[in-house]
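Predicted, not measured: the structure shown is a model, and the values here were computed from it. Start at 1 and go down the list; that is how both ligands and their atoms are numbered.
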Amino acid sequence: MCGIIGYQGERNPKEVIINGLKCLEYRGYDSAGIAILNDGKLKRVRAEGKLENLNKKIENIDFNGHLGIGHTRWATHGAPSEMNAHPHYVDGVSLVHNGIIENYMDLRDELLSCGAKITSETDSELVAHLVAREFQISKDLLKSVQKVLPRLEGAFSIVVASEDQPDRLVAFKNGPPLVIGQGDGETVVASDIQPIVAYTKKVFYLEDFEIAEVTREKVEIYNLKGEKIDRMPLEVSWSSEKAEKHGFPHFMLKEIFEQPAAVQRAIAEYLDIEKKEIQLGDLGFSDTFDQYIAKANKKNAIETDEILKNVERVFIVACGTSYYAGLVGEYLIEKWARVPVEVEFASEFRYRHPVLPKNSLFITISQSGETADTLAALRLANESDVTSLSICNVPGSTIDRESTGHIYMSAGVEVGVASTKAFTSTLALLNIFGLYLGKLKGEVDRDEEVRLVEGLIHLPSQMEQVLSYDKFFSQAAETLKNFKGFLYIGRGVNFPIALEGALKLKELAYMHAEGYAAGEMKHGPIALIDNRMAIVVVAPDDDLYEKTVSNLEEVRARGGQIISIGTEGNKKLKELSLHLLSLPKSEWSINAILSVVPVQLLAYYVANALGHDVDQPRNLAKSVTVE
Ligand code: G6P
């Protein structure tokens, strides 16, 4: 993972780089560092731990140069420590790296046998040594990097600076993303677009195996053979969003509270509120990504409809929370469109020689749009005769660019490592997509469409109501944190919500939590139940409600402490539960979205009560760009 950035231009590089690293901290946060020109030397400052530690160290340091690089790390090779933090520096060459150099052991042995002084345990430092050695010979940074690249195995991206050519940076990408922004007399290279759009909207997305030589004035891109690639910058319309807490103690809590607005934004694009109708519009299936985003009016809706009408199978592939969103999608699409859906972890899908029949639609879901396993699965699918569609939160991310169709979560920047608003926005979009496909397939009639659209229109205000459980959990957390474990159960579309609830608690509170299909309890997990076990049941009113209640009787009989998420007025659930959190009455498909809010709040407050860093939980990163 890791976030990398480089800047050159008239602004203060320290500010640009630190602000950029703040945007990139979601990619890793175990150490950080910068190297900025000062009196002709690349002055390096690094710190173990979060970015704020580096910030404190450099607060009073001035740099008089106008070029620098920075890095925020998620350790792969070598423990998180200052010694292993980037940038690495060898004889006037400094480098930041994201990814893994697989043949690092051989390179290390070779360098040691030539007398190199290796000062860290990382694979990254070895690349700095190799480039520095080549630079002694060629005195040209681009040539040095070009010479070293064939020797490196693995998926990685780098940005390199040299004191002897202080007017340029050299960047290379194979795997982890790199974007280059070309401003007026300034350039920014970064792992994603957010640190760039504050300065320029003209960007180059580096493709795999491309090397760029970047000066203040121009960006020149080469392939591995050294041939120049002609490419115009892409003009993007996205603006920079400042990650601010707006008075909330954590980004995560702010993002939980932003959900009504995020969901509203996500669905507004596809709903005609007056007509109570869903219109998917042009998803861009027939355009390249550049053409698609350059289109002023996306008018090719007819073609989108034709493609979707012919879909005979749907595959949804994703990781983590996005995978659970996919599971919800399976229930919705199968129910409304009567098209078979298969949902799979991207990390499994890519290695099982999957069969993708013709007329399949391959959907990836990814908040970041950069998750390595999801991207690899998409690439595999793109090799066969299927149509791909991404649901991403980051426009222009690699998964978005490499998909033929595009739906955006529009959740806004999500900083908390544990995904919240991107999840609920995706669930709302899957409602829209499933219904629309159902309409096209003639399975959803006008009455059903109107009823379900009304449900979606009320969703944001109903989410506001559910957010009032904030108070309940802020107090209950003190008791909840003492349970030995949590079992989350649900049936039907609520089963994936139970899985997501358990994942949230694991991620944030580091407590044992399991999500289970309520009907499966008697086949094993029931043995876990005693009075120190909390059972969170997601059981709003729907066709399966009565069955879930029967499962709860079994839990209650064994002393389990039940926290229920149900629908208002539901007496039976109330009788069985220690606490009942009731949701406003809604459609079955909307209930699933409303139920997410209490499980998020529960995890947040329990983690908080345990004194954990909820925005940056241990060992995790928001975007996982390694396998
Ligand atoms: C990481 C994050 C999760 C996220 C998962 C998938 O594990 O910590 O919150 O759900 O990656 O990320 P994506 O960006 O592909 O949705």
Side-chain angles (χ1 to χ4, degrees), residues 1-3 24-30 74 176-177 191-194 250-252 255-256 259 262 266 316-329 343-350 363-379 388-403 407-427 429-430 496-497 499-510 515 596 599-600 603-604 607 612-627:
M1 276 95 79
C2 308
L24 297 173
E25 212 183 359
Y26 71 89
R27 305 179 67 86
Y29 37 79
D30 61 42
W74 186 85
S191 297
D192 81 25
I193 199 164
Q194 269 301 315
H250 296 101
F251 282 109
M252 181 179 175
E255 287 158 6
I256 290 175
Q259 291 180 110
I316 306 181
V317 172
C319 299
T321 290
S322 293
Y323 167 76
Y324 294 141
L327 289 179
V328 172
V343 188
E344 194 153 1
F345 285 121
S347 53
E348 288 298 316
F349 178 85
R350 58 186 290 199
I363 303 180
T364 50
I365 302 175
S366 177
Q367 188 285 131
S368 62
E370 300 295 350
T371 302
D373 285 321
T374 311
L375 177 60
L378 169 65
R379 286 180 174 163
S388 58
L389 169 68
S390 63
I391 304 180
C392 285
N393 197 32
V394 180
S397 55
T398 312
I399 291 173
D400 180 30
R401 281 183 292 118
E402 296 195 13
S403 301
I407 290 182
Y408 297 109
M409 296 176 189
S410 308
V413 170
E414 193 180 68
V415 177
V417 163
S419 186
T420 52
K421 58 179 179 168
F423 181 63
T424 42
S425 292
T426 305
L427 298 191
L429 289 168
L430 286 166
I497 307 302
L499 293 171
E500 169 63 4
L503 178 66
K504 280 283 150 294
L505 197 76
K506 277 185 268 209
E507 283 178 304
L508 300 169
Y510 321 145
V596 178
V599 298
Q600 292 171 339
Y604 170 82
H612 298 166
D613 182 342
V614 284
D615 281 338
Q616 296 182 330
R618 71 181 179 201
N619 305 341
L620 302 180
K622 189 153 188 65
S623 174
V624 180
T625 55
V626 292
E627 252 193 71

Euclidean distance, Leu24 CG relative to Gln194 CD, rounded to 0.5 Å: 9.0 Å
Inter-residue atom distance Leu508.CG - Asp613.CG, 0.5 Å rounding: 9.5 Å
Assess, by modelled atom type and distance only, whether the side chains of [X] and [Y] contain a donor and an acceptor separated by less than 3.5 Å.
X	Y	result
Ser322	Gln367	no
Gln259	Thr424	yes
Tyr26	Asp192	yes

Atoms in ligand 1 with a heavy atom of [X] nearer than 4.0 Å:
X	answer
Ser322	10 (O), 13 (P), 16 (O)
Ser366	13 (P), 14 (O), 15 (O), 16 (O)
Ser419	9 (O)

Main-chain N/O of Lys421 paired to Glu414 side chain as donor or acceptor, under 3.5 Å: yes
Give me the residue, atom name and distance of the protein heavy atom closest to [atom].
atom	result
atom 8 (O) of ligand 1	Ala621 O, 3.2 Å
atom 9 (O) of ligand 1	Val417 O, 3.2 Å
atom 11 (O) of ligand 1	Lys622 O, 3.7 Å
atom 7 (O) of ligand 1	Val624 CG2, 4.0 Å
atom 6 (C) of ligand 1	Cys319 O, 3.4 Å

Residue selection (non-hydrogen contact nearest atom 13 (P) of ligand 1) among Thr321, Thr371, Thr364: Thr371
For atom 3 (C) of ligand 1, the option (of Glu507, Met409, Gln367) bearing the nearest heavy atom: Glu507
Smallest separation among heavy atoms of Trp74 and Cys2, with atom names: N-SG, 3.5 Å
Distance-only N or O hit between ligand 1 and Ser368, under 3.5 Å: yes
Parallel, tilted or perpendicular: rings of Tyr510 and His612 (30°, 60°): parallel
